[in-house]
Amino acid sequence: MSNDTFLRALRREPVEYTPVWMMRQAGRYLPEYRETRAQAGGIQDLFANPELACEVTLQPLRRFDLDAAILFSDILTIPDALGLGLYFETGEGPRFRNPVQNEAAITRLKVLQTEKDLPYVLDAVRLIRRELNGRVPLIGFSGSPWTLATYMVEGGSSKDFARIKTLAYEQPQVLQHLLGVLTESVADYLCAQIRSGAQAVQLFDTWGGALSAAAYRKFSLQPMQSIVEHVKAAHPDIPVIVFTKNGGLWLDGILETACDCIGLDWTMDIGVARQQVGERVALQGNMDPAILRASPAVIRQEVADILAAYGHGNGHIFNLGHGITPDIPPEHAGAFIDAVHELSPAYHQ
């Protein structure tokens, strides 16, 4: 592989500079993405078409000197394959025609069989890996069971998670059944992506931070730990990243998953996080995506501050603290990536 810096950093091996990629790096901030999406007809037409998914995965790598590619897909492919009827409402985001909001609906769910139920995702992984031709590693991903469950029970995005939290506290055994189905499904999904060519995988626990500490451990962390154990047993050499948005309070718990890397959002000081985790895992993050709205000079200073906070040594993958937003000028993303590459070698001498 011509650039394996990202994989070496995940393994806490020596690198010449801090590798960088961006969550949602293939997305609406790029005009070429918007053109491809318009030609396709919609976002589902993009991620369900392996050739188009490959195209938009590669688009940011043609613009920027990124150190990893990430599969273009959606975390909600799993519930869609389980029969919930995913669709996207303009201005409202993802919705489900058949949410699971009672015990009967939840107990009818069957564990995903990725090879049969989501072949287009695996075809996309194989195609992207072939087209990358060893340029940079390919990251596969899934939503965490808790995050997937929130969408499946709420019927889409939520501000207060009223339905699923009521289920958690009134009928915890029913929620545990749902999480059990999703835990097996996500483990199968990630392993299938790895067999198809993914060289690292990330669990996106977008809504774990909406839980109390005890509920997080029970409903979010435990399922993720089971998934990490399953993936590592089947593919011990494949790095696993766990990212819980607003999860800085629970670093010690996330460490227990035996993941290779913890993703941090921007609310956590990465220097404090490094002191807490020591040499046990790599850390990924964690610039506030909103800073990309500022001038390149401000962006460069923020990169410098985060690199200084992490300090000298290995085990840092630079990323945003969450996904890049559609309003960001592409040249600001380029300034961010260039700043990481220009400023980080001093921390690896």
Side-chain angles (χ1 to χ4, degrees), residues 23-24 27-28 43 74-80 82-109 141-183 185-186 202-224 227 242-251 253-254 263-268 285-286 288-290 320-327:
M23 288 184 275
R24 294 197 194 131
R28 288 176 289 170
I43 188 169
D74 194 278
I75 64 169
L76 300 180
T77 52
I78 289 179
D80 186 41
L82 295 179
L84 273 68
L86 175 66
Y87 69 101
F88 288 82
E89 194 74 52
T90 303
E92 293 186 19
R95 308 291 299 173
F96 285 112
R97 294 183 178 87
N98 309 305
V100 289
Q101 295 177 336
N102 56 58
E103 183 173 0
I106 288 171
T107 55
R108 283 196 297 268
L109 292 171
F141 72 91
S142 174
S144 70
W146 165 258
T147 292
L148 298 180
T150 65
Y151 287 100
M152 294 170 70
V153 174
E154 299 290 339
S157 301
S158 176
K159 292 182 179 179
D160 58 10
F161 304 99
R163 286 191 176 98
I164 194 165
K165 286 191 175 185
T166 300
L167 185 69
Y169 295 122
E170 286 288 328
Q171 295 179 286
Q173 74 284 356
V174 176
L175 178 57
Q176 289 288 17
H177 179 82
L178 173 56
L179 293 172
V181 169
L182 290 171
T183 297
S185 297
V186 170
Q202 175 160 315
L203 275 168
F204 282 88
D205 185 34
T206 310
W207 299 122
L211 291 164
S212 70
Y216 173 75
R217 184 172 286 275
K218 182 177 182 180
F219 297 123
S220 183
L221 188 63
Q222 288 180 3
M224 289 196 293
I227 291 163
V242 171
F243 170 72
T244 293
K245 188 181 178 187
N246 293 321
L249 290 172
W250 304 315
L251 292 185
I254 298 172
L264 302 173
D265 73 3
W266 65 90
T267 63
M268 182 73 183
N286 63 333
D288 184 348
L320 305 175
H322 201 238
I324 186 171
T325 52
D327 59 320

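Side chains are part of it too, since the values below use all heavy atoms of this structure and drop only hydrogens, waters and symmetry mates.
- Not counting sequence neighbours, the partners of Ser220 by the side chain to side chain donor-acceptor pair (under 3.5 Å) test are Asp205.
- Scanning all heavy atoms of the two residues, the minimum distance from Gln171 to Glu103 falls at NE2-OE1, 3.9 Å.
- Listed here is the closest heavy atom pair of Leu203 and Gly143: CD2-O, 4.0 Å.
- Between the side chain of Lys165 and the backbone N or O of Ala210 there is at least one donor-acceptor pair closer than 3.5 Å.
- Under the rule for a ring-ring contact (aromatic ring centres under 6.0 Å, His included), Phe96 has no partner lying at least two apart in sequence or in another chain.
- Taking every heavy atom of both residues into account, Glu154 and Arg163 meet most closely at OE2-N, 2.9 Å.
- For the side chain to side chain contact (heavy atoms under 4.5 Å, CB included) with Pro79, the qualifying choice from Leu109, Leu148, Leu182 is Leu148, the only one to do so.
- Counting heavy atoms from C-beta on, the side chains of Lys245 and Phe204 never come closer than 4.5 Å.
- Shortest non-hydrogen contact noted between Pro99 and Val153 is CB-O, 4.3 Å.
- Scanning for ring-ring contact (aromatic ring centres under 6.0 Å, His included) contacts around Phe219 gives an empty result, with sequence neighbours left out.
- Proximity of a side-chain donor or acceptor of Asp265 to a complementary backbone N or O of Asn246 within less than 3.5 Å is detected.
- Contact between Pro289 and Leu320 at its shortest, heavy atoms only, is CG-CB, 4.2 Å.
- Rounding to the nearest 0.5 angstrom, the gap separating the OG atom in Ser185 from the CG atom in Leu179 is 11.0 Å.
- Considering CG of Leu76 and CG of Leu82, their distance stands at 11.0 Å, rounded to 0.5 Å.
- The one candidate from Ile254, Thr244, Val186 that meets the side chain to side chain contact (heavy atoms under 4.5 Å, CB included) condition with Met224 is Thr244.
- The two residues Tyr169 and Ala215 have their closest heavy-atom pair at OH-CB, 3.7 Å.
- Enclosure of atom CD in Glu170 is not indicated, since only 12 or fewer non-hydrogen atoms of other residues, nucleotides or ligands lie within 6.0 angstrom.
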May I have the step-by-step check of side chain to side chain donor-acceptor pair (under 3.5 Å) for Tyr151 and Trp207, ending in yes or no?
CA-CA 10 Å; Tyr151 287 100; Trp207 299 122; 3.2 Å; yes

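- Residue Ile106 holds its CD1 atom at 5.0 Å from CG of Leu167, rounded to the nearest 0.5 Å.
- Taking CG of Leu86 as the reference point, atom CZ of Arg97 lies at 8.0 Å (rounded to 0.5 Å).
- Within the 4.5 Å cutoff, no side-chain heavy atoms of Thr150 are placed close to those of Ser158.
- Here Met152 contributes atom CE and Leu84 contributes atom CG; the two are 4.5 Å apart, rounded to the nearest 0.5 Å.
- No donor-acceptor pair closer than 3.5 Å links the side chain of Trp250 to the backbone N or O of Ala213.
- Remark: Leu178 CG to Trp146 CH2 distance equals 9.5 Å, nearest 0.5 Å.
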